[in-house]
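Residue numbers begin at 1 in each chain, while the letters A, B, ... track the order of the sequences. This is a predicted model, so every value here is computed, not measured.
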Amino acid sequence: MIHPSQTSKNPTLRALLPGDAGAGSGGDGFRKADLAEIDASCRVPVLFFFLSGLAWLIAGSLLALVASIKLHSPGFLAAWEWLVFSNVRTAHLNTVIYGFASQVSVGVSVWLMCRLCRIPLPAPGLVTVANLFYNLGVTVGVGGILLGDSTAIEWLEMPRYATPILFSSYALIAVWTIVTFRLRAERHLYVSQWYLLAAVLWFPWLYGTAQVMLLLEPVRGVVQAAVNWWFAHNVLGLWFTPIGLASIYYFIPKVIGRPIHSYYLSVLGFWSLALFYNWNGMHHLVGGPLPAWMITISIVASVMMLIPVITVAINHHFTMLGHFGKMRHSPTLRFIVFGAVSYTLASLQGIASALRSVSEVTHFTHHTIAHAHLGMYAFFSMVMFGAMYYILPRITQREWPCNGLISLHFWGVALGIVLYVVPMSLMGFIQGTKLNDPTIRFLDVVQFTLPWLQLRTLAGLLMVAGHVAFVANVGWLLVRMFEPYRKPVVRILTGEAETLAAGK
Amino acid sequence: MTMSYGPLLFLGILLTLASSWVGLVLMPHRQLGSLGQHTDPDTAAIFPAARAGEAQQGAEIYRSLGCVYCHTQQVRPEDYGSDLERGWGRRRTVSRDYIHDRTVMLGTMRTGPDLTNIGERQSDAAWHYRHLYNPQTTSPGSIMPPHAFLFETRAIGPAGRSTNALVLEGAFAPPAGREVVPTRRAVQLVAYLRSLKSSGDLPEAPVKKEEAAR
Amino acid sequence: MPVISFILLGSVVLLPAAALWALRWAASTGQFRCPDKVALLPFDESEPVGVATDQILGNRR
């Protein structure tokens with residue numbers, strides 16, 4: 001229940017809301033919009049973020065394939081300077097991180113925020129504009145990388161003529177998320193909203209700091225490395241992870257129709273993540289030329305990550321208990337549960353490789369690459385796929401056209417990523433052991449990695465096939481948007497399946 | 001009934017990140033941001049010396065070609081990895097080693113060997129040119145990409161082969177009557193590589209005595 | 001260095017103190033009472049607890 005005075009506090013902001021929702025109905029506070037109304041208000045901006053994200057996903061996966069092939073067959077496409085290995089690899093990272101993952105995150109976050117605030121998205125056009133700016137920024141940035149203007153600062157390679165565009169877009173999105181939040185009709189906060197708010201506040205701060213200290217007024221010497229890894233690790237920990245977890249906390253209960261196991265645990269999980277994750281970055285520099293105290297602090301903070309990770313894992317597991325069967329019927333649940341399990345695994349792997357003794361072996365090897373993909377792909381991207389499977393039919397009011405493509409997508413990427421992460425983790429470990437044995441010639445270590453690198457290309461092919469299936473299905477869905485609306489033959493939007501499942 | 005506690009949430013979100021922002025960004029900046037060169041009291045040698053001219057320009061080529069994605073420039077301490085045993089440096093690297101670098105390229109991946117000390121390990125410019133042109137010429141089985149675009153293949157002039165033409169044999173040789181010469185960028189890059197040396201003695205990281213005597 | 005030690009010492013004292021204060025405040029304003037109700041926020045009359053959604057695969061009759 002909210003106090004009437006609270007609702008009238010912001011008449012100007014209120015005026016942004018369409019129709020009834022803006023007018024307010026007194027008494028019980030503002031009318032909580034129904035789900036369909038909220039979904040409709042998000043349609044255009046969220047579609048923009050999803051579709052451009054998917055376009056970058058396809059570009060990014062093709063770049064990944066090329067980079068992967070180049071690493072075991074260096075003669076491949078070697079004549080063109082703009083396609084030199086490092087350019088392709090870096091363009092891949094930046095398209096999938098900033099082009100795909102971040103954009104889909106924003107789409108999911110906007111929709112989720114509106115649904116939990118129980119209001120239609122205020123001034124959706126503004127979010128769409130942010131999207132256009134954002135894509136301009138990514139295009140300029142990735143283009144710059146391919147033309148040789150990469151800064152060579154990991155995760156911040158886009159040249160400095162591109163980053164301010166992205167920054168302003170992020171800032172606009174952050175402000176708009178806060179505005180949406182302030183206008184909320186539901187006064188109580190769900191844990192997902194905490195994570196979303198935190199993510200949109202943290203990221204511009206991180207990005208701004210890194211831009212100023214590394215690109216505009218570069219700091220001196222190894223302080224660059226400290227800022228670099230404080231930033232890069234936190235992009236994962238304080239931008240992607242919170243949005244991923246916010247989605248898991250919403251979609252698991254929503255799909256299985258059962259509230260989260262323990263709300264207390266989710267509170268503990270949030271604050272321990274907020275406290276510890278942002279201190280982790282220096283574990284990327286174990287053994288490096290920085291003062292020992294910095295690296296030690298990060299190792300300690302990394303181990304402390306056990307608290308949020310285990311809390312979240314227990315909470316999700318007990319929520320799912322007895323409902324795993326629903327994964328067979330819900331694409332969202334399949335992807336999300338895959339992602340949630342991977343979150344736990346990725347975190348445990350990360351904690352382990354932050355330890356000095358493990359890092360001594362794994363630090364400069366493909367183990368790190370495998371770990372990055374376990375986190376960014378098996379956890380984060382899978383959760384985002386799951387979220388899109390839920391959101392897209394609802395905002396377009398059309399059913400998924402083809403279940404076969406959904407299965408192809410899931411099995412392609414699921415098998416692909418397992419075939420990527422498991423062998424590469426193992427290979428990296430062996431590679432590190434060999435590198436630490438000075439009696440083994442360097443070139444012999446290189447030769448040892450070759451078959452494994454070829455296997456990775458195979459895994460990448462599977463993942464690309466999955467992406468193509470997904471994009472085809474989304475394209476088909478869009479085509480249906482232009483057909484006259486027909487009462488859905490299948491299930492989500494009619495609620496038929498719900499009764500079916502509930503009746504069981 | 002739970003009330004809305006937006007402001008507290010907001011504060012917590014800001015404070016948590018502020019903590020590491022102070023701890024891992026501002027404090028290192030204070031501690032390390034003003035490190036200077038070290039003058040050896042005995043020899044009056046100054047280390048690390050600033051890089052100049054071609055070598056400095058070469059650092060930019062190294063950055064723009066992304067060599068950092070396969071090569072580190074950091075030597076880990078004794079008993080931690082085998083960096084020293086592999087000859088990647090004469091001592092571990094420390095913060096002071098990097099004060100002149102415009103972009104500090106420590107690197108995170110060792111697909112190729114560490115290059116901190118490559119200038120001492122391999123000082124032959126001709127080797128570097130051949131290796132860059134096509135790594136298979138010097139290191140068969142390497143997966144380092146060929147950088148042939150840093151070279152120009154041109155007809156041999158009336159005065160005969162240029163002095164800086166690459167000596168390439170077998171399958172790597174250019175067609176008859178033609179030669180491969182490094183472009184400006186290749187020259188700068190190799191100047192940079194040859195300037196990479198970790199021979200300087202620092203109080204916080206002395207070169208091991210027996211090593212230095214050798 | 002003294003500035004740094006002040007920051008360090010200060011934060012060692014201030015941060016836990018702030019945390020304790022926040023905890024006390026949260027408890028005294030009843031924020032720990034029955035938060036499980038909040039766990040119901042994703043649900044409403046149209047999609048209540050106990051009803052699964054998104055069951056679209058393999059349900060053709």
Report, in residue-number order, which members of residues 184-195 of chain B are under 4.5 Å from chain A by heavy-atom distance.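 Within residues 184-195 of chain B, the residues under 4.5 Å from chain A are B:Arg185.
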Please classify the contact of B:Leu14 with chain A as side chain, backbone, both or neither, using a heavy-atom distance under 4.5 Å.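 Looking at B:Leu14, backbone and side chain both touch chain A.
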Could you check which of A:Thr368, A:Thr151, A:Asp149, A:Ile369 has the highest count of heavy-atom pairs closer than 4.5 Å to chain B?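 Of the candidates given, the most pairs with chain B belong to A:Thr151.
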Those residues of residues 100-109 of chain B that come under 4.5 Å of chain A on a heavy-atom basis, listed by number, are B:Asp101, B:Arg102, B:Thr103, B:Val104, B:Met105, B:Leu106, B:Gly107, B:Thr108, B:Met109
Q | Any donor-acceptor pair under 3.5 Å from B:Ser82 side chain to A:Leu435 backbone | A | yes
Whatever's closer than 4.5 Å to a heavy atom in chain B on A:Leu214 counts as neither
Separation between CG (A:Asn436) and CZ (B:Arg76), nearest 0.5 Å, reads 5.5 Å
Across all chains, not counting sequence neighbours, the side-chain hydrogen bond (donor to acceptor under 3.5 Å, both in side chains) partners of B:Ser20 are A:Trp230, A:Asn278
Quiz prompt | Nearest-0.5 Å distance, CZ of residue A:Phe181 to CG of residue B:Leu9 | solution =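 Answer rounded to 0.5 Å: 6.0 Å.
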Okay, B:Ser142 and chain A: the region with an atom under 4.5 Å from a heavy atom over there is both
* Apply side-chain contact (heavy atoms from CB on, under 4.5 Å) to B:Leu17 and A:Trp205, showing your working. => CA-CA 9 Å; B:Leu17 184 57; A:Trp205 185 348; 3.6 Å; yes
The reported gap from CG in A:Leu238 to OG1 in B:Thr16 (rounded to nearest 0.5 angstrom) is 7.5 Å
ask   = For A:Asp444, what residues pass the side-chain hydrogen bond (donor to acceptor under 3.5 Å, both in side chains) criterion, not counting sequence neighbours?
value =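 Checked A:Asp444 against side-chain hydrogen bond (donor to acceptor under 3.5 Å, both in side chains); matches are A:Arg441.
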Answer key: most heavy-atom pairs under 4.5 Å with chain B among A:Trp293, A:Phe85, A:Phe276 is A:Trp293
Bottom line for B:Pro135: the part with an atom under 4.5 Å from chain A's heavy atoms is neither
